[in-house]
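Structure, as structure tokens:
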2 protein chains.
Amino acid sequence: MADTAEMGELTPRQRDVLDTALRLLVEEGDSLTMAAVARRASCSKETLYKWFGDRDGLLTATVQWQASKVRVVPVDQKKLDLVSLTESLEGYARDWLKVISSDTSVALNRVAIGHAGSGKDNLGAIVLDNGRFALAKRLKPVLDAGKRSGHLVFEDAETAFRTFFGLVARDVQIRLLLGDWPGLTEAAIESDAIRATQQFLALYGARKDQQVQ
Amino acid sequence: MADTAEMGELTPRQRDVLDTALRLLVEEGDSLTMAAVARRASCSKETLYKWFGDRDGLLTATVQWQASKVRVVPVDQKKLDLVSLTESLEGYARDWLKVISSDTSVALNRVAIGHAGSGKDNLGAIVLDNGRFALAKRLKPVLDAGKRSGHLVFEDAETAFRTFFGLVARDVQIRLLLGDWPGLTEAAIESDAIRATQQFLALYGARKDQQVQ
DNA sequence: TCAGAACCGTAACGTACGGTACTCTGATTT
DNA sequence: AAATCAGAGTACCGTACGTTACGGTTCTGA
């Protein structure tokens, strides 16, 4: 459809346009118009259509563009003691809370959810892949390492991950999506990350007598 | 605005119309048109506008109508031993999973989330009040009773509730909203409810030596 | 029986927006 | 210098849909 739909190659100018589209998406949600994007990005509508095919194409490109920015380097550690495992889990919890409480994430999830009903595009899949599933992918190695080193005890890493996910996110995301709350403070995120990690370790951590060293 | 906006009095005919609007909302999401509702409900558009003011009024009335149907009687129990507490928690978990995985809930949440961006109406607040907050209201007495009887240990009932919420829902709702999954099977709901309850008791249950009896 | 209200069906209006075509300008290439 | 091209700006088209208006029909109550 669009030039840039299949190949992820974007010119700097196109990236600029997508950035303003993203900003507009955060401000106005799914009700943004092609004209508004063109005006704000100082480009013509025709260019938008040439580059992105149609409205859905622009939306998809915008979501993918944001997704490509979020990608984080997974830091896998050499020595895994209980302290570093705890810190690692807290780090992931912190990051995740920061992501889901950001304006951008809320706006993108709203748009993707709105589109999920009428299966025209797959924004939902894109958001999911770069959110919840990306997190699982990054976290699983840590969980596995924790299991190998004897600090964690579980059968299925997927189940363990989903428990961690639930303990971290709780009702935060759905409340934000539904318009509750102004947002999470730094302090709240910090204490939530610690609490979630402690609870996770209470559920999946090796008991004292099983623990390595 | 609309006759029925402030007073919750609905004629049977109006209830019928809202039921078909609800069905249509599940099928088509937010893209339903007034004409489609009128056609399907065998009523005139003029009647829709007279009854509900405008499109938002109809949507709001529909969401409230569904909400009024969901209201469940809170079963507070006389004697609270660990078994009945466990059963009660499992029951709430089961109910909640059943609700959030239902077509109706998914559709309503999608619409409400879509509207949450442009603060025109307060669908989000309505959905939240009759979903997450209603659950909390029903569950808190159980938690408090558990605390009084010494089977549960926690400082803040709200925090305990949110943990329970997270353990039950995990990533289910967001995945469903984003179009992942066909849905939860009965069996999955059952085992999830049991798992969540066990995990919650592991975190907040009194340890053996503190336990009453 | 009859007046009036309620309501159905449908036509019509206004608008907003997706999408297209065309012109003009400035830069790059040949 | 001429030719080509990308893209800004703008005008325009078609359509979908919210909203309104109106004529005809059924219901209700005196």
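Throughout, protein chains are lettered first and strands after them, A, B, ... in sequence-line order, and every chain is numbered starting at 1.
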Nearest-angstrom distance from the residue atom [atom1] of [X] to [atom2] of [N]:
X	N	atom1	atom2	value
B:L48	D:dT20	CG	P	13 Å
B:F52	C:dC7	CZ	C1'	13 Å
B:K45	D:dC17	NZ	P	10 Å
A:D30	C:dG18	CG	C1'	13 Å
B:M34	C:dA12	CE	P	21 Å
B:R39	C:dC7	CZ	P	21 Å
A:E46	D:dA11	CD	P	15 Å
B:K50	C:dA5	NZ	P	10 Å

For a quick test of reading the model: is some side-chain N or O of [X] closer than 4.0 Å to OP1 or OP2 of [N]?
X	N	result
A:R13	D:dA8	yes
B:T47	C:dC8	yes
B:W51	C:dC7	yes

Are the side chains of A:T197 and A:L201 in contact, using a 4.5 Å heavy-atom criterion?
yes
Can you say whether the rings of A:F165 and A:W96 are parallel (under 30°), tilted (30 to 60°) or perpendicular (over 60°)?
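Tilted, since the angle between the ring planes falls between 30° and 60°.
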Kindly determine whether B:V17 and B:R13 satisfy side-chain contact (heavy atoms from CB on, under 4.5 Å), including the steps that lead there.
CA-CA 6 Å; B:V17 171; B:R13 175 66 176 136; 4.1 Å; yes
Looking for any heavy atom pair under 4.0 Å, which part of the strands does B:L32 touch: base, sugar-phosphate only, or nothing?
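Result for B:L32 = sugar-phosphate.
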Specify the residue among A:R55 and B:S42 whose closest nucleotide of DNA chain C lies further upstream toward the 5′ end.
B:S42
Do A:S105 and A:S102 pair up side chain to side chain, a donor and an acceptor below 3.5 Å, judged on atom types alone?
no
